[in-house]
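Input: a single structure, listed below in structure tokens.
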Amino acid sequence: MAGAIIENMSTKKLVIVGVILLLFQAFAFMVGGLIAPSPTTAVHYLATKCVDTVKHRQDSKWFMPWGPNQCEKIRSFDEAMAKKIEANNIVFAVHIPLPNKEMSPWFQFMLVILQFDIAFKMHNQIEDGAMVTVDVGLAYRDDTISEWTEMAHSFEQRRLSCSFTTAKTYENEGRFYECDLLPFMEVGSVAHKYYLLNIRLPVNDRKKVNVGIGEIKDIRLVGIHQNGGFTKVWFAMKTFLTPSILIIMIWYWRRITLMSRPPVLLEKVILALGISMTFINIPVEWFSVGFNWTWMLLFGDIRQGIFYSMLLSFWIIFCGEHLMDQTERNRFSVYWKQVGPIVFGSFCLFIFDMCERGVQLTNPFYSIWASDVGTELAMAFIIVAGICACLYFLFLCFMVFQVFRNISGKRTSLPAMSKARRLHYEGLIFRFKFLMLVTLTCAAMTVIFFIISQVNEGHWHWGEHTVQVNSAFFTGIYGMWNLYVFAIMFLYAPSHKRYGDEQSSGQCITGDAGANSGEDIQLTTTITHVDGPTEIYKMSGKEAQE
């Protein structure tokens, strides 16, 4: 019978394969650390105060803060009061990007954070739970002479979270509150060169609109977008890795179908893992450079969620197949208690993502963080997701420990074997244990990456100005996933080596009889059908302790 490559390949060749994979892993980290710039760039903007002199407001009128058709500007609200300009006639204008620059589709997304500069006044303090209502419009154009085209318009509310660190006395009037950053806008593609934001703060005393929000002096924005250099490196990695995984997956499944038995559960799960890795690899992002696909962020989240679900389920089944007894193995229904929560959690992630990025497809100013309930829900989600990821890793460690314990319990029979056979058995056990430890390492890195990505997703809403996630971590973890999937499909593919009739009949070899050389022993955990189980597979099962 043909065993798996992990048990039949010589130690020298396996070491060479391992070193090559390790070099590729180091290269993946170096690509991010030495070649790619930081993943994101933050640009600060100060809104210009424009005056809307038209009594009957025109929706099509856009106010430019600078340039040949710039608006009539005022420097402060004191100047507005002196000129008897009402607050409803003041428009805060922000041009993205800064003068003499232009946006690019390579930036992939645009996230904008809002911050108010609010001065303390004894007669106009910020009330508890103060809510700011903004009337905001977003427009775009692709050259400096065209008219602005409206992209989105909305009335939004943001709750102020400000503190005054000194005593509230007349002597301290004019000092500024310390206010948290507020989520403002997120666009899933940057298809145009120039963007314009016009923000109004309508005041209505009767309806209590923008009353009790303090004396706003200025509006500051922080625009975040993905670095074009990082985008190109990321696309290049995906373009290179897609055919690599696709080729090894086709090669793996072809070898499986050439077997005299049908594929078993673990082989099917390995194929599914390869498919999910290929799905996340396919560089459809190249199309976002030429098309205004605002749904790319949501699509990327869905792809990553599918891969996470498949990877976590694979690890459970991979370990479980080494723990179940012979009657329970090769049955997916046995794992519903472990795989079920993973699928449910992934579905919850999808619903949560749809509640924000799904809505942002039609209203880029929507944010689940804008309301108290949404903020608490989002914070709870991040905390629970982190706790569940850690609990999953601990459970996986426990399963690996059980596998190791079962194998160690069987090793007591090894001293009775001949020296050559004993050494070969110990070598096979070492290979298997090493692979399990690599699996644990990948799981740990994946859990860390998941937690960090979730924290950074909400980090802007916790008052930080920049999120500098190391590019090396992004490219390194992504490379690690691909290398791990590549290694699993390669090592668990059936070997081309063939053996005699005695081994093909599936007889259990427990001593020296039936084998004159260690080359006859197999390690694969996938041979459970007509070819019969192999040694390590049986050693790691429940019957190993009997």
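In what follows, residues are counted from 1 in the order of the sequence shown. No hydrogens, no waters, no symmetry mates; every other heavy atom, side chains included, goes into these values. Treat the numbers as computed from the prediction; the structure is a model and nothing was measured.
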For the rings on Phe365 and Phe184, is their centre-to-centre separation under 6.0 Å? yes

Regarding Ser146 and Asp143, do their side chains bring together a donor and an acceptor under 3.5 Å, going by distance alone? yes

Pair Asn281-Asn482, side-chain donor/acceptor within less than 3.5 Å: yes

Under 3.5 Å, is there a donor-acceptor pair linking the side chains of Gln115 and Asp180? no

Got a list of side-chain donor-acceptor pairs under 3.5 Å for residues 376-387, not counting sequence neighbours?
none

Check the angle between the aromatic planes of Trp295 and Phe299 and answer parallel, tilted or perpendicular using the 30° and 60° thresholds. perpendicular

Taking Lys193's backbone N and O only, do any of them form a donor-acceptor pair with Asp142's side chain (distance below 3.5 Å, no angle check)? yes

Consider only side-chain N and O atoms of Ser288 and Gln108, and report whether a donor and an acceptor are under 3.5 Å apart. yes

Distance (rounded to the nearest 0.5 Å) between Ile118 CD1 and Ile213 CD1: 6.5 Å

Would a 4.5 Å heavy-atom cut-off, applied to side chains only, mark Trp234 and Pro39 as touching? no

For Ser309, side chain to side chain donor-acceptor pair (under 3.5 Å) partners two or more places apart: Ser346

Table please: side-chain donor-acceptor pairs of residues 223-231 below 3.5 Å, with sequence neighbours left out.
{"residue": "Gln226", "atom": "NE2", "partner": "Thr231", "partner atom": "OG1", "Å": "2.8"}
{"residue": "Asn227", "atom": "OD1", "partner": "Thr41", "partner atom": "OG1", "Å": "2.3"}
{"residue": "Asn227", "atom": "ND2", "partner": "Ser38", "partner atom": "O", "Å": "2.5"}
{"residue": "Asn227", "atom": "ND2", "partner": "Ser38", "partner atom": "OG", "Å": "3.3"}
{"residue": "Asn227", "atom": "ND2", "partner": "Thr41", "partner atom": "OG1", "Å": "3.2"}
{"residue": "Thr231", "atom": "OG1", "partner": "Trp106", "partner atom": "O", "Å": "2.7"}
{"residue": "Thr231", "atom": "OG1", "partner": "Asn227", "partner atom": "O", "Å": "2.9"}

Please work out whether the ring planes of Phe314 and Phe318 are parallel, tilted or perpendicular, with thresholds of 30° and 60°. parallel

Just checking, is any N or O donor in the side chain of Tyr335 or Ser313 under 3.5 Å from an acceptor N or O on the other one? no

Are the side chains of Ile316 and Ile342 in contact, using a 4.5 Å heavy-atom criterion? yes

Suppose we call two aromatic rings close when their centres sit under 6.0 Å apart. Are Phe287 and Trp293 close by that rule? yes

Evaluate the salt bridge (charged side-chain N to carboxylate O under 4.0 Å, His left out) criterion for residues Asp218 and Lys49: first the C-alpha distance (whole Å), next the side-chain angles of each, then the deciding distance (0.1 Å), finally the verdict. CA-CA 8 Å; Asp218 284 301; Lys49 304 177 189 68; 2.5 Å; yes

So, do Arg141 and His192 sit near enough that their side-chain heavy atoms are less than 4.5 Å apart? no

Look up atom CG in Leu138 and atom NE2 in His153, then write down how far apart they are to the nearest 0.5 Å. 11.0 Å

Mind checking whether Trp148 and Phe63 have ring centres under 6.0 Å apart? no

Is any side-chain heavy atom of Leu197 closer than 4.5 Å to one of Leu221? yes

Contact list for residues 98-124, test salt bridge (charged side-chain N to carboxylate O under 4.0 Å, His left out), sequence neighbours left out: Asp117-Arg220

Hits for ring pair (Phe, Tyr, Trp, His ring centres under 6.0 Å) against Tyr177, two or more places apart or cross-chain, chain-then-number order -> Phe164

With sequence neighbours excluded, give me every disulfide (SG to SG under 2.5 Å) pair touching residues 273-313. none

